[in-house]
> 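Just dropping this structure here.
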Amino acid sequence: MKLSLKLLTSIFGATLLFTAQLAQAAITCSLSATGITSIYSSAVGTAATGSVTVNCTRLNSDSAANVTYYISLDQGEPPGGRNLTRQNGAQLLAYRIFRNSDNTGSWTAGAGRNPGANQTGGLNVPINWAGGTNFTTTISYFFQIATGINRPAGIYDDALIKFSIFTARNALPALGEATFTANISIPAECFFSTPPPTLNVNYTSFVTTNQTGSVGYSVSCTLNTNYTMAVSPANGTLIGLNYSLVLNSAVGTGSAFPQNYTVTATVPFGQSGICSTGTCTGTQPTTITISY
């Protein structure tokens, strides 16, 4: 007798699926910035202060209690570098922005906009939640235009200067951005850099030639500013003597440097004058007016 045993073996496998949800530290940030509006004078330059405000929120308590973020500042609109451009013109006015009130620490782009490059010009911002979920701080920046730059009168601006905040100097993308405008006006102006002194003419009764005298003066006007000049009164009578005053030029265009002119008095010959003594003197206040 032959016995056979058929063994049926079934192996049932069970797969256990495990899911795990990791809590992520979620932080959102935004920036806002104030712009610059000022007047530029070649003699004193421009110094102004603006600010950038950081607002960050952590969405859960697993976020680190303290973090440090990085704020960069780009170069503004083309052309390259930090330049204000004259509206309706092509002239440029260079400016700088600093992190420190003593105009040190040039604030530059750096950060994640160009990873791997020299990124030492931004600003590290320490954030301490202090047990809460919101953090806000306002940071000043310092805007400067040097003295001695001569440009035509007008409005100069750079409308798209951008602050960006990153988790680190070489991290992309930016957590937040804010643009602002620098708007600088150069007013048209003229002044006497050297006022005219007293003009003297010596005259002898019944002299046979015209007697004259001249003095010089200087006018400084903003570059390319057109101006006119007039003297008043241009004619008069002193101690019985008729005279006239003439400017050597009545028009000019500013160069931002002193421009020299003269005013000449002429007393026609053959006049007797009115003088009961050996010598007489007469004076007449006279005004030279610059219009621009």
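Along the sequence shown, the residues carry numbers beginning at 1. Keep in mind the model is a prediction, meaning the values are calculated, not measured. Only this structure's heavy atoms are used, side chains among them; waters, hydrogens and symmetry mates stay out.
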> Evaluate the side-chain proximity of Ile165 to Tyr70: yes if any heavy-atom separation is below 4.5 Å, no if none is.
no
> Counting distance only, does the side-chain N/O of Arg58 pair as donor-acceptor with the main-chain N or O of Gly132 below 3.5 Å?
yes
> Verify side-chain contact (heavy atoms from CB on, under 4.5 Å) between Tyr69 and Val54, making sure each step is shown before the conclusion.
CA-CA 10 Å; Tyr69 286 166; Val54 181; over 6 Å; no
> Would you mind listing every disulfide (SG to SG under 2.5 Å) that reaches into residues 223-259, with sequence neighbours excluded?
none
> Run Asn242 and Asn235 through side-chain contact (heavy atoms from CB on, under 4.5 Å) and show every step you take.
CA-CA 8 Å; Asn242 297 322; Asn235 299 279; over 6 Å; no
> If you round to the nearest 0.5 Å, how far is OG of Ser185 from CD1 of Ile39?
4.5 Å
> Taking all non-hydrogen atoms of both residues, which atom of Pro152 and which atom of Asn224 are closest, and how far apart?
CG-ND2, 3.5 Å
> Report whether Phe142 and Ile184 are members of the same hydrophobic cluster (ILVMFWY, side-chain heavy atoms less than 4.5 Å apart, transitive linking).
no
> If hydrophobic residues (ILVMFWY) are linked whenever their side-chain heavy atoms come closer than 4.5 Å, directly or via other members, who joins Phe206 in its cluster?
none
> Using a 4.5 Å cut-off between side-chain heavy atoms of Ile, Leu, Val, Met, Phe, Trp and Tyr, which other residues end up in the same hydrophobic cluster as Leu160?
none
> Does the side chain of Thr136 pick up a donor-acceptor pair with the side chain of Asn55 at under 3.5 Å?
yes
> Could you verify whether a donor N or O on one side chain and an acceptor N or O on the other, from Thr104 and Asp102, lie under 3.5 Å apart?
yes
> Can you name the nearest heavy-atom pair linking Ala188 to Thr225, along with the distance?
CB-OG1, 3.9 Å
> Less than 3.5 Å apart, any donor N or O on the side chain of Thr57 or Thr133 sitting next to an acceptor on the other?
no
> So, do Pro79 and Thr85 sit near enough that their side-chain heavy atoms are less than 4.5 Å apart?
yes
> Is the side chain of Glu177 donor-acceptor paired with the backbone N or O of Lys162 at a distance under 3.5 Å, no angle test?
no
> May I ask you to check whether over 12 heavy atoms, not counting those of Asn88, lie within 6.0 Å of atom CG?
no
> Listing request: all disulfide (SG to SG under 2.5 Å) pairs with a residue in residues 134-163, at least two apart in sequence or in separate chains.
none
> With rounding to the nearest 0.5 angstrom, report the CG to OG distance, Leu31 to Ser164.
7.5 Å
> Taking all heavy atoms of Gly45 and all of Thr147, pick out the closest pair and write down the distance.
N-CG2, 3.5 Å
> Decide yes or no on side-chain hydrogen bond (donor to acceptor under 3.5 Å, both in side chains) for Thr138 and Thr53, but give the supporting numbers first.
CA-CA 4 Å; Thr138 298; Thr53 298; 3.0 Å; yes
> Using only atom types and a distance under 3.5 Å, with no angle test, would you say the side chain of Ser205 pairs donor to acceptor with the backbone of Ser272?
yes
> Of all heavy-atom pairs between Arg86 and Gly154, which one has the smallest distance, and what is that distance?
NE-CA, 4.2 Å
> Going by ring-ring contact (aromatic ring centres under 6.0 Å, His included), name the pairs with one or both residues in residues 77-105, residues two or more places apart or in two chains.
Tyr95-Phe143
> Tell me if a side-chain donor or acceptor on Thr222 pairs with a main-chain N or O of Gly254 at a distance below 3.5 Å.
no
> Could you check whether Thr37 and Asn183, counting side-chain N and O atoms only, form a donor-acceptor pair closer than 3.5 Å?
no
> Could you work out, with side chain to side chain donor-acceptor pair (under 3.5 Å) as the rule, every residue matching Asn124, not counting sequence neighbours?
none
> In the structure I gave you, are the side-chain heavy atoms of Asn248 and Thr264 within less than 4.5 Å of one another anywhere?
no
> For Gln87, which residues count as a side chain to side chain donor-acceptor pair (under 3.5 Å) partner, sequence neighbours excluded?
Asp157
> From Gln75 CD over to Asn83 CG, what is the distance, rounded to the nearest 0.5 angstrom?
9.5 Å
> Do you know which two heavy atoms are closest between Pro187 and Ala153, and how far apart they sit?
C-CB, 3.8 Å
> For the side chain of Arg151 and the backbone of Leu92, is there at least one donor-acceptor N/O pair under 3.5 Å apart?
yes
> Counting C-beta onward and ignoring hydrogens, is there a side-chain heavy-atom pair between Ile36 and Thr46 closer than 4.5 Å?
no
> Going by disulfide (SG to SG under 2.5 Å), name the pairs with one or both residues in residues 241-271, residues two or more places apart or in two chains.
none
> In Å and rounded to the nearest 0.5 Å, what is the CD1 to OG1 distance from Ile161 to Thr179?
9.0 Å
> Side chains of Trp129 and Cys56: does their closest heavy-atom pair fall under 4.5 Å?
yes
> Name all residues meeting the side chain to side chain donor-acceptor pair (under 3.5 Å) criterion together with Asn210; count only those two or more places apart in sequence or in a different chain, and write none if there are none.
none
> To the nearest 0.5 Å, what is the distance between CZ on Arg82 and OG1 on Thr108?
7.0 Å
> Find out if a path of hydrophobic residues (ILVMFWY) with successive side-chain heavy-atom gaps under 4.5 Å connects Leu123 to Val67.
yes
> Measure the shortest side-chain to side-chain distance between Leu93 and Ile186 over non-hydrogen atoms and say whether it is less than 4.5 angstrom.
yes
> What's in the same ILVMFWY side-chain cluster as Phe269, cut-off under 4.5 Å, chained through other members?
Phe192, Leu199, Val201, Tyr203, Val207, Val215, Tyr217, Val219, Tyr227, Met229, Val231, Leu238, Ile239, Leu241, Tyr243, Leu245, Leu247, Tyr261, Val263, Val267, Ile288, Ile290, Tyr292
> Going by heavy atoms in the side chains, are Val52 and Trp107 under 4.5 Å from each other?
yes
> Do Gln259 side-chain atoms and Thr253 backbone N/O form a donor-acceptor pair below 3.5 Å?
yes
> Only counting residues at least two apart or in another chain, list the ones meeting side chain to side chain donor-acceptor pair (under 3.5 Å) with Ser51.
Thr34
> Nearest 0.5 angstrom please: Ser106 OG to Gln144 CD, how far?
10.5 Å
> Check for me, please, whether Ile27 and Phe135 land in the same ILVMFWY cluster - side-chain distances under 4.5 Å, paths through other members count.
yes
> Please list, chain by chain and in numerical order, all residues satisfying ring-ring contact (aromatic ring centres under 6.0 Å, His included) with Phe180, sequence neighbours excluded.
Tyr141, Phe163
> Looking at every non-hydrogen atom in both residues, tell me the closest pair between Pro285 and Pro233 and how far apart they are.
O-CD, 3.9 Å
